[in-house]
Each structure stands twice: as C-alpha cells, then as structure tokens.
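Predicted, not measured: the structure shown is a model, and the values here were computed from it. Values below: all heavy atoms of this structure, side chains included; hydrogens, waters and symmetry mates excluded.
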Amino acid sequence: MTATDGYRARRYSPERSAWGRLTARDSVLRRLDWVMVWAALALSGIGTLLVYSATRNRTELNQGDPYYFLLRNILNTGIGLGLAIGAVWVGHRALRGAVPILYAISVLLTVAVLTPLGATINGARSWIQLGGGFSLQPSEFTKITIALGMAMLLAGKVDAGERLHPDHRTVVEALGLAALPIVIILLMPDLGSVMVLVVIVLAVLLASGASNRWIAGLIGAGVLGCVLIWQLGVLDAYQINRFAAFANPALDPSGVGYNTNQARIAIGSGGLLGSGLFRGSQTTGQFVPEQQTDFIFTVAGEELGFVGAGAIIFLVGVVIWRACRIARETTELYGAIVAAGIIAWFAFQSFENIGMTLGIMPVTGLPLPFVSYGGSSMFAAWIAIGLLQSIKVQRPVSA
C-alpha cells in the first residue's frame, strides 16, 4: 500500500478522530448552511442591543436593573441556539415519528391558556405564567407543530411512492389538524398568531402539490370568516380600534392611534444614519409603548437610521433566501413542506411587524423574529432554524 493509500485509509476509517469526523467533507458542520446561521445570529445580536436600548431606562419594567432585559435576552438566545442544535441532532426525519405527541402537547398547552393557568397581557390571554418572571406563549410553538403535522400527513403517501400528490381526504385531515389549535387561539383572542398560522397552512398546501381548488376555497372561506368574525363580535374592542386606526391614521392620535403615530415619528426622526445607539429621543423618552417587543423596529429606525433598519430587513431576507434554497434542493416532500411553512411564517410575520410600525399594516402584536424580546418567540424561531438545517444536512451527499 502506498503512502497516499495509507492516508486515505486513516482519513476515512470509522476510527478517525472526533475532529476528523467533524471536519470531514460529509460532516454535519461542513454541510450546515452557515450563511443562514450567521444571519440569524446577527439578527439576535442586533436585537439584544435594541432591547437593551429600549428597556435600560424603563424602571417600571426592568425592576430597577438596566441590564435586566439585556441579560434575559442573551439567555433566551443561548437557549434558542441549544434548541436549534438539538433539532439538528435529532433530525426532522426522527421528529416525524414524534409529531403526534408534539402536536398533542401543543394543543394541551394552548387549551391551558384558556384555563386559570393562563395570563392576560395587552388584552390577549395568550401566556402561561411559569413563575420567576418567566412565561410561555404556546401559540409560538403551534407554528412549528402545525407545519410538522400537516407535512407528515400531506407527504406520507407521496414520499412512500403511492401517489404523486396528496388526495382530497388527506388534505381534509391536514386542515382538520390545523383547524383545532387555530380556533383555540382565536378564542384567546390572538388575531396576529391566527393570521400567521393561516399563512403557514396556505404555504404548506401549495408546497404539497394539493389541488389549486383547495387554495382558492380556503381564501374564499377566509374572507367569509373575517366577515363573520366582525359581524359576530368575536374581536375585542381594542382589536377593532387597531383596525380603525389603521384605516384612518388621524383617528384619535392620543388614543387608539397613539402607538402607530409615535412609531412613525421615531422611525422618521432617524434619517439616514440615525441618532446613534442609546441616543434616540423617542426611545429614551419612552414615547413608544411595547418598544422592546412589538415595536422593536422603531428603535432601529430612530437610532440606526435607514441604513441600520435596512440591514435588519436585509438579514431577514438572507434567512428567507437560504430557507428557499433548502426547500428547493431537498429531495423529499416532507422536508420541502416543513421548509415552506417556516418560510411563510418568517416572511409574513416580519412583513407584518415592520409594516405595522410604518403604518402600512394593522397593529397585531406580532414580534419581529430573532429581534424582538420574548423567550417563546426566540425559542420557536431557533427551533425552526434547526429544522431547516436538518433538512439540508440530511440530503443525500453528491459524489
């Protein structure tokens, strides 16, 4: 045996070192989409600075500790990274068998919100208080379980080679699976999360190859449902006021239109380069409510300016672009459907969050993925990144 043959045998033998396994061409580390990972990390890092800027002077929120939200956001990001690594380690294919259990847990937690365990924050009963200042928002994790559950049903016979497209019965079953948690969340009422879930459902159906008649029918049913919700008085007064303020920005500028008016003032005052991090007058003066969560983009607009706010939009676009590449290149329908659901989730929620701060979308209380403060939102977003990475690394490796 030549020296070259001996080197190859050592390099590709099962007994090679742990470092060799990690750095080999077919290793998980080599096959991760690092562009997506770094973009998501950059968003989380920028978000941490913006959260600190928005909360360091708010003693009614930070319990007298200016670093309270900063440290908690760093902790949330670290836990989120751990969950992403766990999702890659377990793999989306292995999770496929556990989807019924994950779905059941998700539904039970969502139902628990409507019991005495639930807590009402900003008009919506969407949280479960865990004690110690920590809370859980089950609707964030429902976004994942609906994508996984519908993908399992819709791709089952297709990936097994029995059919080319999901049949009508399978589509009905998938829609029934999604409808249960959506109805429960609507009762909270958490209209923003319902909007995201509906978009995920439509994206999943499109990716599965289901008949276009289903898509058209669901859109028509959605329009009819919105009319019925409005007529039956399902929405609370504060939600109706939000839509009224969106339709007429000049309506009650010191009342229902206060949030959006102050948000536009903050973003508009930033100009091209912003007033400088921690130097925004609107942020320091605490004029924008919920600035560390729903209106985090206003901090970027005021203190980082058009350039900084544009950088956030660019990074969100990078995450979505890389997710689209993963969805396009995967060889299994199940992975493609899951990726499509995550893409729709990130794209719509980012557009809605940024849009409501600019006044082009109604205020719905949705966080900006990776940027806004919130443990449940951060955990769910990073789990989604882990699932996307799993879909990528478990593709067959080309020779």
Side-chain angles (χ1 to χ4, degrees), residues 4-48 73-99 102 141 144 147-148 151 159 311-312 314-343 345-346 369-371 375 377-399:
T4 301
D5 291 337
Y7 169 77
R8 287 176 177 172
R10 289 190 301 273
R11 177 175 173 81
Y12 295 105
S13 65
E15 293 78 18
R16 65 189 178 193
S17 67
W19 176 251
R21 290 193 296 272
L22 287 174
T23 57
R25 178 177 176 273
D26 61 342
S27 70
V28 170
L29 285 180
R30 289 277 186 122
R31 296 169 65 190
L32 289 176
D33 190 326
W34 285 104
V35 175
M36 174 190 288
V37 172
W38 285 115
L41 279 172
L43 285 170
S44 293
I46 294 171
T48 298
N73 205 69
I74 293 173
L75 175 62
N76 290 339
T77 303
I79 295 174
L81 278 170
L83 292 172
I85 293 171
V88 177
W89 183 269
V90 175
H92 69 289
R93 292 175 185 167
L95 283 175
R96 188 173 184 170
V99 165
L102 296 175
F141 302 100
I144 299 173
L148 289 172
D159 282 341
I312 291 176
F314 172 77
L315 290 170
V316 171
V318 169
V319 172
I320 295 171
W321 162 52
R322 302 303 291 188
C324 288
R325 282 194 57 176
I326 291 172
R328 185 179 68 249
E329 294 175 359
T330 186
T331 57
E332 59 175 4
L333 183 60
Y334 173 70
I337 293 175
V338 173
I342 294 172
I343 292 166
W345 161 18
F346 284 173
F370 304 102
V371 182
S377 174
M378 186 72 77
F379 302 159
W382 275 106
I383 290 173
I385 291 293
L387 290 172
L388 289 169
Q389 297 294 338
S390 171
I391 294 168
K392 183 180 186 299
V393 302
Q394 293 191 16
R395 291 204 316 264
V397 183
S398 57

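Put simply, the side chain of L315 does not reach to within 4.5 Å of the side chain of V319, judged on heavy atoms. Using a 4.5 Å heavy-atom cutoff, the side chains of V338 and H92 are not in contact. Two residues are said to be in side-chain contact when any heavy atoms from C-beta on lie closer than 4.5 Å; L148 and Y334 meet this criterion. A 4.5 Å side-chain heavy-atom check between L81 and L41 finds at least one atom pair inside the cut-off. W38 places none of its side-chain heavy atoms less than 4.5 Å from the side chain of V318.
Among all heavy-atom pairs drawn from F379 and G80, the shortest one is CD2-N, 4.0 Å. In terms of heavy atoms, V88 sits closest to G386 at CG2-O, 3.4 Å. Scanning all heavy atoms of the two residues, the minimum distance from A327 to A336 falls at O-CB, 3.9 Å. Considering all non-hydrogen atoms of both residues, W345 and A384 come closest at CZ3-CB, 3.6 Å. Looking at every heavy atom in both residues, E332 comes nearest to R93 through OE1-NE, 3.4 Å. The shortest heavy-atom contact between M378 and N76 is CG-O, 3.7 Å.
The CD1 atom of I326 sits 7.0 Å away from atom CD1 of I391, with the distance rounded to the nearest 0.5 Å. Distance check, rounded to the nearest 0.5 Å: CZ of R325 to OG1 of T330 gives 13.5 Å. Taking CH2 of W321 as the start and CD1 of I343 as the end, the distance is 13.0 Å to the nearest 0.5 Å. To the nearest 0.5 Å, atoms CG (L333) and CD1 (I337) are separated by 3.5 Å. Here the straight-line distance linking atom CH2 of W34 with atom CD of Q389 works out to 8.0 Å at 0.5 Å rounding.
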*Where do L387 and L95 land on the side-chain contact (heavy atoms from CB on, under 4.5 Å) test, with the steps shown first?*
CA-CA 10 Å; L387 290 172; L95 283 175; 3.6 Å; yes

*Applying side-chain contact (heavy atoms from CB on, under 4.5 Å), run through F141 and I383 and close with a yes or a no.*
CA-CA 9 Å; F141 302 100; I383 290 173; 4.3 Å; yes

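Partner V393 forms a side-chain contact (heavy atoms from CB on, under 4.5 Å) with one of L32, L388, L29 and no other, that one being L32.
Salt-bridge check for D33 with R322: passed, with a basic side-chain N closer than 4.0 Å to an acidic carboxylate O.
Using cut-offs of 30° and 60° on the angle between ring planes, the pair F346 and F370 is perpendicular.
Of the possible donor and acceptor atoms, one in the side chain of T48 sits under 3.5 Å from a partner among the backbone N and O of S44.
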